[in-house]
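Each chain gets a letter, A, B and so on, in the order its sequence line appears, and its residues count up from 1.
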Protein chains: 2
Amino acid sequence: MSAAFEPLPFAPGYRRVAGEIAARILDRTLKVGESLPSELELATQFGVNRSMIREALRELESADLIARRRGTKRLVVVRPAAAQIAGRLRQAFALHDVTVREVWEMLEVLEPPAAQAAAAARTAATLRRIEEAVAAYRAGQREARRAVDGVGEFFRAIAGASGNRVLPLMQEPLLQLLTAALGVLIEAAPPARERIAVAQERICAAIGDGNGELARDWMAKHVRDFRRGFEFCRIELNTPVPFG
Amino acid sequence: MSAAFEPLPFAPGYRRVAGEIAARILDRTLKVGESLPSELELATQFGVNRSMIREALRELESADLIARRRGTKRLVVVRPAAAQIAGRLRQAFALHDVTVREVWEMLEVLEPPAAQAAAAARTAATLRRIEEAVAAYRAGQREARRAVDGVGEFFRAIAGASGNRVLPLMQEPLLQLLTAALGVLIEAAPPARERIAVAQERICAAIGDGNGELARDWMAKHVRDFRRGFEFCRIELNTPVPFG
DNA sequence: ATAGTATGATTGTCGGACAATATGGCCATC
DNA sequence: GATGGCCATATTGTCCGACAATCATACTAT
């Protein structure tokens, strides 16, 4: 073992302050929904200048550990939701030049087990959400924009019904990244819309019956079908995903 | 449609500045590795005070879009790596009281297809990394700490070999979260160590042969085996994941 | 070529200041 | 009692100026 010296760990004040506050949030000393003390009070408590506190708060804000309620002044502790996490991941994917194909492959991996789990863990409420998503898709099918949103909501409803709270968090960035490609597909291939509707209905029915295998298989087919649609529309899957 | 008014979108200066810079990074005007202008220069360019620039920089730093090279002063543009993303996600999972079981279920979903993809997309370099990981695990098997690290590196090598750059990013937080539980398992059930070694070797061999189905099946068995280990050791899977 | 030194640039931290706005209490009106 | 107007105060957003510590660089001496 080479005994190369590690660089001395030193963090500037704003980082240490942010770390302290973050630790209090993570260990639940500061509960979600509570509001933080004012900047001035924090400054006196930590014995530092207000500027430093403000820099620390910006870090925490960007980490989605604190946020401002709309139109209010004080910062409150929040827990990062799927949408926020997704935004961060989307940025990372974009900077890594991840391609549409790679994102799609992940969905091919995630969605069938998600549907299966949803069939097993379904409740009246989650099932209704799925049914509503399916109905909403049918209703908005005509308009490309609404159709794309409907597809997203369908997948979200499935993930939400799976009973696994990690799944929605991991799925969300993928969905966000695909909306652009999906929009092109749905715009260019009208027959796809009907196929999507049918597949959604089958999956929904299978989940309603608690038939996990069937739901999984239909979902696998559904996702594969999307990919064929991409190829049919000559959507180049190897292009980097957009960062919009 | 109810026509409830949206709140007027207004962002304080530091947020707008951060947004501007982030946009420049995402559209590659500022390339990865480049260093940002000094705070003073940014302040004059944006026509605002240095304090505001600093707050914006803290946001970007926390978003892992910029970072300081170790021991240096200037901030450079970086692209968030798996480890950074993982930390953020770990925080989120912890705050959502995600359980070990949920994390483990996600690995059960992700890993078998990952192994299959690795068998299909393997290269000399990626295969070597897997082989080295397997060898390192065997070598360090005795010591619980090194064994846990070895398991993590094995999974990372697989994901890296899959040719899908999304996979490592999604897998990393799961691995980080499981190290605690894995440590307990490996400490408590010595025979598990040998089983892990054997499974790793089988999977590695299957990937080396380009046999995707075999790799997938062995990986599925491997992951399931972990879960049995958890149950055998009476590790309560429904406890929230730690936030270490 | 390497080590030391001087110089300038940049960051980390501080203090104070002020305008704009949210908060909360008080009062009048219905 | 609920509602809306009004005011004092607290808090945030933004600015300015300052200074020590540290990094980058050029220059010098060995």
Side-chain angles (χ1 to χ4, degrees), chain A residues 4-25 30-31 33-78, chain B residues 4-25 30-31 33-78:
Chain A
F5 289 112
E6 298 288 319
L8 289 180
F10 168 77
Y14 53 82
R15 187 168 297 285
R16 288 193 310 239
V17 169
E20 281 301 312
I21 299 177
R24 294 290 190 291
I25 293 176
L30 288 167
K31 294 185 182 57
E34 252 176 77
S35 64
L36 288 169
S38 75
E39 297 174 351
L40 207 58
E41 181 155 354
L42 285 173
T44 59
Q45 281 185 26
F46 279 104
V48 300
N49 193 277
R50 189 162 79 102
S51 313
M52 208 156 118
I53 297 293
R54 284 179 65 83
E55 294 187 37
L57 292 179
R58 294 300 90 78
E59 280 207 22
L60 296 170
E61 220 172 357
S62 174
D64 294 316
L65 288 179
I66 62 179
R68 213 176 311 282
R69 281 206 215 95
R70 156 192 118 183
T72 194
K73 199 165 262 196
R74 285 149 78 191
L75 290 161
V76 299
V77 177
V78 300
Chain B
F5 290 112
E6 296 289 319
L8 290 181
F10 167 76
Y14 53 82
R15 187 168 298 285
R16 290 195 310 247
V17 169
E20 282 300 313
I21 299 177
R24 295 287 190 290
I25 293 175
L30 289 167
K31 293 184 182 58
E34 253 177 74
S35 64
L36 288 166
S38 76
E39 296 174 353
L40 206 58
E41 182 156 352
L42 286 172
T44 60
Q45 281 185 25
F46 280 103
V48 300
N49 192 275
R50 190 162 78 100
S51 311
M52 211 156 118
I53 297 292
R54 284 178 65 83
E55 294 187 37
L57 292 179
R58 293 301 88 78
E59 280 208 22
L60 296 170
E61 217 173 357
S62 173
D64 294 316
L65 288 178
I66 61 179
R68 214 177 309 283
R69 279 205 217 96
R70 159 191 115 183
T72 192
K73 199 165 260 197
R74 284 150 76 192
L75 289 162
V76 299
V77 176
V78 300

Separation of D:dT12 C1' from A:Glu41 CD (nearest whole Å): 15 Å
Rounded interatomic separation in angstrom, taking CE from B:Met52 and C1' from D:dT12: 13 Å
Position toward the 5' end of DNA chain C (nearest nucleotide), B:Leu36 or A:Thr72: B:Leu36
Test item: B:Glu34 side-chain N/O and B:Lys31 main-chain N/O as donor-acceptor pair under 3.5 Å: yes
Flag, side chain of A:Thr44 to backbone of A:Glu41, donor-acceptor distance under 3.5 Å: yes
Integer-rounded Å distance: D:dT14 C1' and B:Phe46 CZ: 16 Å
Atom-to-atom span, CG of A:Leu40 to C1' of C:dA22 - whole angstrom: 16 Å
Within-4.5 Å side-chain heavy-atom neighbours: B:Glu55 and B:Arg15: no
A:Ser35 (side chain) donor-acceptor with A:Val76 (main chain) under 3.5 angstrom: no
OP1 or OP2 of C:dT13 under 4.0 Å from side-chain N/O of A:Asn49: no
Touch class at under 4.0 angstrom, heavy-atom based, for A:Arg69 against every strand present: nothing
Base D:dG13 paired with B:Arg15 side chain (donor-acceptor, <3.5 Å): no
Atom-to-atom span, CD of A:Glu39 to P of C:dG15 - whole angstrom: 16 Å
Among C:dG12, D:dA24, C:dT13, the one nearest A:Glu55 by side-chain distance: C:dT13
Donor-acceptor pair (no angle test) under 3.5 Å: B:Arg50 side chain, D:dG17 base: no
Polar side-chain atom of B:Arg58 near backbone of A:Arg58 as donor-acceptor pair, under 3.5 Å: no
A:Lys73 (side chain) and C:dT21 (base): donor-acceptor pair under 3.5 Å: yes
Distance test, side-chain N/O of B:Tyr14 to OP1/OP2 of D:dG13, below 4.0 Å: yes
D:dT14 OP1/OP2 closer than 4.0 Å to side-chain N/O of B:Arg16: no
N or O in side chain of B:Arg54 less than 4.0 angstrom from C:dT10 OP1/OP2: no
Euclidean distance, atom CD1 of residue B:Ile53 to atom C1' of D:dG13 [Å, nearest integer]: 14 Å
Length of the CG-P vector between B:Leu75 and D:dA24, whole Å: 12 Å
Atom-pair distance (CG on B:Leu42; P on D:dC15), nearest Å: 14 Å
